[in-house]
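Excluded from the calculations below are hydrogen atoms, water molecules and symmetry mates; all remaining heavy atoms, backbone and side chain alike, are included. The model shown is predicted, which means the values in this text are computed figures rather than measured ones. So you know, we letter chains A, B, ... as the sequences are listed, proteins then strands, and number each from 1.
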There are 2 protein chains.
Amino acid sequence: MTLSEEDYIKAIYHLGKGENNIVSTNEVAEQMKTKPSSVTDMMKKLSEKGVANYRKYKGVCLTEHGLKVALTLVRKHRLWEVFLVEKLNFAWDEVHEVAEQLEHIKSEKLTDSLDKLLGFPQVDPHGDPIPSKNGEFKKAVKKLLNEVPVGTSGTCVGVKDSSAPFLKFLDKNRIALGDTILVLEKEEFDGSLHIQVKGKDIRISDQIAANLYLKITE
Amino acid sequence: MTLSEEDYIKAIYHLGKGENNIVSTNEVAEQMKTKPSSVTDMMKKLSEKGVANYRKYKGVCLTEHGLKVALTLVRKHRLWEVFLVEKLNFAWDEVHEVAEQLEHIKSEKLTDSLDKLLGFPQVDPHGDPIPSKNGEFKKAVKKLLNEVPVGTSGTCVGVKDSSAPFLKFLDKNRIALGDTILVLEKEEFDGSLHIQVKGKDIRISDQIAANLYLKITE
DNA sequence: ATTAATATTTAGACAAATCTAAATATTTGT
DNA sequence: ACAAATATTTAGATTTGTCTAAATATTAAT
Ligand SMILES: [Mn+2]
Ligand SMILES: [Mn+2]
Ligand SMILES: [Mn+2]
Ligand SMILES: [Mn+2]
């Protein structure tokens, strides 16, 4: 598989939302930042190679084999992202571009050794699950912090309210995107939460919780 | 610079023996496992881009700028090799092929963070020196262990005598290719050596030393 | 100093990945 | 159901990196 073919396979995979849905030529073109005509050519090639099912004007989805290729790429991409954050102190939002390159390195031994070095992580710095060597993984969903049950652990991936006061609050309480948050307790009376972030316990109001997105794998 | 261009630049660099000597079209073709006609085309392109000086029928060498590019690639290649051995427990002879891919990853921050993670290593697992961020490095020479002065440290890179008894001796004494050897003391009387390998001190005869190649940076 | 051998370049072709412009198919709105 | 809008494919061109075969230059040998 060439680098380009691999990126197209990943695009089809991601656009299919992990469900291997059929995706359109234009969708792929937008994702890949190429023209629809280029996509058509590539879809024919991927079909030839047996990694995609493409029907003229009808769209494209991955074959069983194509799905395996996609999952291997996703696995490598996310493992490298963990590596960059955990071992090289990259920030949450600096890793994607480099991982986009590293995911194409061909060495099964490298991937598996990296997995081991990192302690077989389950999720990447964006809270997305990392497929295991044989392609299994849990799906991630994004939920507001006030909607998850006590005991849930997830990655902080966004805010609903992006006003200055709210962001200032998060900063003051050392809550940042990419942090792992564990819900310890929920107060019946006012819906306030007792959570753990970066090893520290803090309490937050229902209002705060209602504006923080968590990515959780179930 | 494309991946292909980068590999050609490295080829010119290595064939020039670090001296930026002029190298011939056929030499480059052999090194790159391509045909001379392909090399001619690429040399024209590299000249256009200002990284090489090419004169028809006369050969090619790197420009100042090309040399910088080459040294950056060598730096990345060797840092990745150290990473693979030190952090992922790859064997001495498994790293080159993967490093050949990893050296093309474009991220200065990645390279420098990796350097730091590894503790700013001076040599790669083959005993070859690693250029610093600004392109400086010492040259390596290969010498027989019995020819280096006391106090010298180097990487074991080969044997002169490859007979079974000799290899068995090395195995018994836990000396392997890729090991760092430090010469602690030399016995005047018989030329026998007191050396340190993998933290252990051992004594070896002049005959043994005369059949072990060490790569040292001066 | 010719000739033979070797090295190098040129010419022309090809596959991969992309593009633009034109043609065709599908979908949507009335 | 038809026209208009949108989506998709086809045709033809371009760039990059490669190749083979033929032409030319350099070097070595007599
Ligand atoms: Mn990513
Ligand atoms: Mn990629
Ligand atoms: Mn190497
Ligand atoms: Mn390479």
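Atom CD of A:Glu27 is separated from atom P of D:dT6 by 17 Å (rounded to the nearest Å). Atom P of nucleotide D:dT16 and atom CE of B:Met1 are separated by 13 Å, given to the nearest angstrom. For the pair A:Tyr57 OH and C:dA23 P, the interatomic distance rounds to 13 Å; values are reported in whole Å. For the pair B:Glu6 CD and D:dT16 C1', the interatomic distance rounds to 15 Å; values are reported in whole Å. Atom CD in B:Glu5 sits roughly 12 Å away from atom C1' in D:dT15 (whole-Å rounding). Nucleotide C:dT18 holds its C1' atom 14 Å from the CG atom of A:Leu3, rounded to whole Å. Rounded to whole Å, atom C1' of D:dT8 lies 7 Å from atom OH of A:Tyr54.
A distance-only check finds a donor-acceptor pair linking the side chain of A:Thr63 to the backbone of A:Gly50 [under 3.5 Å].
The residues A:Arg75 and A:Asp112 are annotated as salt-bridged, a charged nitrogen and a carboxylate oxygen being separated by less than 4.0 angstrom. Between A:Glu6 and A:Lys106 there is a salt bridge, since a side-chain N of the basic residue sits under 4.0 Å from a carboxylate O of the acidic one.
Annotation: proximity of residues 29-44 of chain B to DNA chain C (heavy atom, distance under 4.0 Å) is found for B:Pro36, B:Ser37, B:Thr40, B:Lys44, numbered in ascending order.
Screening B:Arg78, B:Lys76, B:Lys10 for a salt bridge (Lys or Arg N to Asp or Glu O under 4.0 Å) involving B:Glu103 leaves a single residue, B:Lys10.
The shortest distance between the side-chain N/O atoms of B:Lys56 and the OP1/OP2 oxygens of C:dT10 is below 4.0 Å. A close approach under 4.0 Å does not occur between any side-chain nitrogen or oxygen of A:Ser24 and OP1 or OP2 of D:dA7. Proximity of B:Lys58 to the phosphate of C:dT8: no side-chain N or O atom is located under 4.0 Å from OP1 or OP2. Residue B:Tyr8 has a polar side-chain atom (N or O) positioned under 4.0 Å from OP1 or OP2 of D:dT18. Phosphate contact (OP1/OP2 of D:dT8, side-chain N/O of A:Asn26, threshold under 4.0 Å): present.
One distance of note links CG of A:Leu118 with NZ of A:Lys87; it measures 6.5 Å at 0.5 Å rounding.
A tilted orientation is assigned to the rings of A:Phe83 and B:Trp80, their planes being inclined by 30° to 60°.
Between the side chains of B:His104 and B:Asp7, at least one donor N or O lies within less than 3.5 Å of an accepting N or O.
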